[in-house]
Amino acid sequence: MKFNTKTIHGGQEHDKAYGAVMPPIYQTSTYAQSTPGGHKGYEYSRTHNPTRNALENAFASIENGNYGLAFGSGLAAIDAIIKLLKPGDEVVSTNDLYGGTYRLFTKIYESFGIKFHFIGMENADKIESYVNNNTKLIWVETPTNPMLNIIDIKAVSKVAKKHNILLAVDNTFATPYLQRPLDLGADIVMHSATKYLGGHSDVVMGALVVKNKELADRLYFIQNASGAICGPQDSFLVLRGIKTLHVRMQRHCENGKAVAEFLANHPKIEKVYWPGFETHPNHEIAKSQMDNFGGMLSFTTKGNDYDASVKIVEKLKIFTLAESLGGVESLSGHPASMTHASIPKEEREKTGVIDSLIRLSVGIEDIDDLINDLKQALD
Ligand SMILES: *Cc1c(COP(=O)(O)O)cnc(C)c1O
């Protein structure tokens, strides 16, 4: 099955009771048993739920994995991965990463005795010098947020395999439409399904997909033991979202490219961060591991004026000023005052998050309206 068919049919079967084409929303916590232990495969909905299982099978299918797991949020999914570790273990992580991931690692898990090294991974050779006998996990986010850096998943996986370390990739920005980390050597692929997989800004959810049965069993054990599952209604919504992932992503990519090119030619713009430009430092890697460049981009304006950038995001009408990304509607964000406000100016500027940086999640509206909106706001 090809990708554009998998999004609709992957891992799915019609409802056995009445032939419903979409799986029913099994809004139930428990299941009748005819005799103790005599059930139809479902006992309690923290452990299993038919609607969630249908979604988990779809996750596995689109990421070319064998096992999918759905969680109550992207962070709950990451939390389950870290619970594979024990005190004394070490993690080598991307340094430009989702702020909530950084907070989970440093504010929760450091106090449980897990050590994190945050490093730039644009050059995969650098990773090995941070690896020792205690290193158990490499955490990669690519493209990164908000600087759109690209990390060579295949090169990182070589280091991971050589030292027998798990490699997990946060594939939220790219989605499996553009990039399939398990095919590139990753052990675990993770999603904030809140973003492109759900695609309509109406659900918070997380996903994990793996190939290996033993690893899947450990993660299922953690999911059931810790309980960070998602509900059947949300499972239904994300399953519905995935059915149009490929057509949405195609338009996100087209609109993203048009917006990146418009901004790059605008006299008030200093720099546009988008992996599709030949001038992007890891453009060649992006081209080799991604099928297109997506709908996420960031830019800075000349003069690097904090207030001017705040004014731009306030003036945008179709681009809604909001946290999050990956929905059908276009969103804008000002990292220095929003997502990265809690990081000291000096620290955030080290990774490129300067005062004028604006991040866009380019939606699937008509491109003329999007360009005109940016034009009026910049003017
Ligand atoms: C949003 C996001 C997360 C966290 O997911 P939630 O669903 O908000 O918990 C993790 N990684 C990336 C790249 C994200 O954009």
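Counting convention: from 1, in listed order, for ligands and their atoms alike. These values consider heavy atoms only, across backbone and side chains, with no hydrogens, waters or symmetry-generated copies.
- Of all the atoms in ligand 1, the ones that sit under 4.0 Å from a non-hydrogen atom of Leu325 are 15 (O).
- Within the 4.0 Å heavy-atom shell around ligand 1 one does not find Leu97.
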Pair Gln179-Asn171, side-chain hydrogen bond (donor to acceptor under 3.5 Å, both in side chains): steps then yes or no: CA-CA 8 Å; Gln179 169 175 285; Asn171 204 30; 2.9 Å; yes
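- Looking at Ile78, Asp170, Leu104, it is Asp170 that brings a heavy atom closest to atom 13 (C) of ligand 1.
- Here His283 and Phe293 bring their ring centres to under 6.0 angstrom of each other.
- The protein heavy-atom contact nearest to atom 8 (O) of ligand 1 is Tyr98 OH, 3.8 Å.
- Taking any N or O of Thr194, backbone or side chain, at least one lies under 3.5 Å from an N or O belonging to ligand 1.
- Remark: ligand 1 and Met190 share no N or O pair separated by less than 3.5 Å (distance only, no angle test).
- Atom CD of Glu90 is separated from atom CD1 of Ile138 by 12.0 Å, given to the nearest 0.5 angstrom.
- Near Glu141, meaning under 4.0 Å from any of its heavy atoms, are these atoms of ligand 1: 13 (C).
- Looking at Lys83 and Asp79, a side-chain N of the basic residue comes within less than 4.0 Å of a carboxylate O on the acidic one, giving a salt bridge.
- Under a 4.0 Å criterion applied to the non-hydrogen atoms of Ser73, ligand 1 contributes the atoms 7 (O), 9 (O).
- For the atom pair CG of Asn224 and CZ of Arg46, the computed distance is 5.0 Å after rounding to the nearest 0.5 Å.
- Taking the six-membered ring where tryptophan is involved, the planes of Phe116 and Phe118 are essentially parallel, since the angle between them stays under 30° and well short of 60°.
- Across Ile269 and Thr300, no two heavy atoms sit closer than the pair CG2-O, 3.5 Å.
- In terms of polar-atom proximity, defined here as any N/O pair under 3.5 Å, Phe173 makes no such contact with ligand 1.
- Hydrophobic clustering of Ile, Leu, Val, Met, Phe, Trp and Tyr side chains at less than 4.5 Å, counting indirect connections, keeps Tyr177 apart from Val247.
- Only the backbone of Met205 comes within 4.0 Å of ligand 1, judged by heavy-atom distances.
- Atom 1 (C) of ligand 1 has its closest protein heavy atom at Lys195 NZ, 1.4 Å.
- Using 4.0 Å as the threshold, His191 has no heavy atom nearer than that to any atom of ligand 1.
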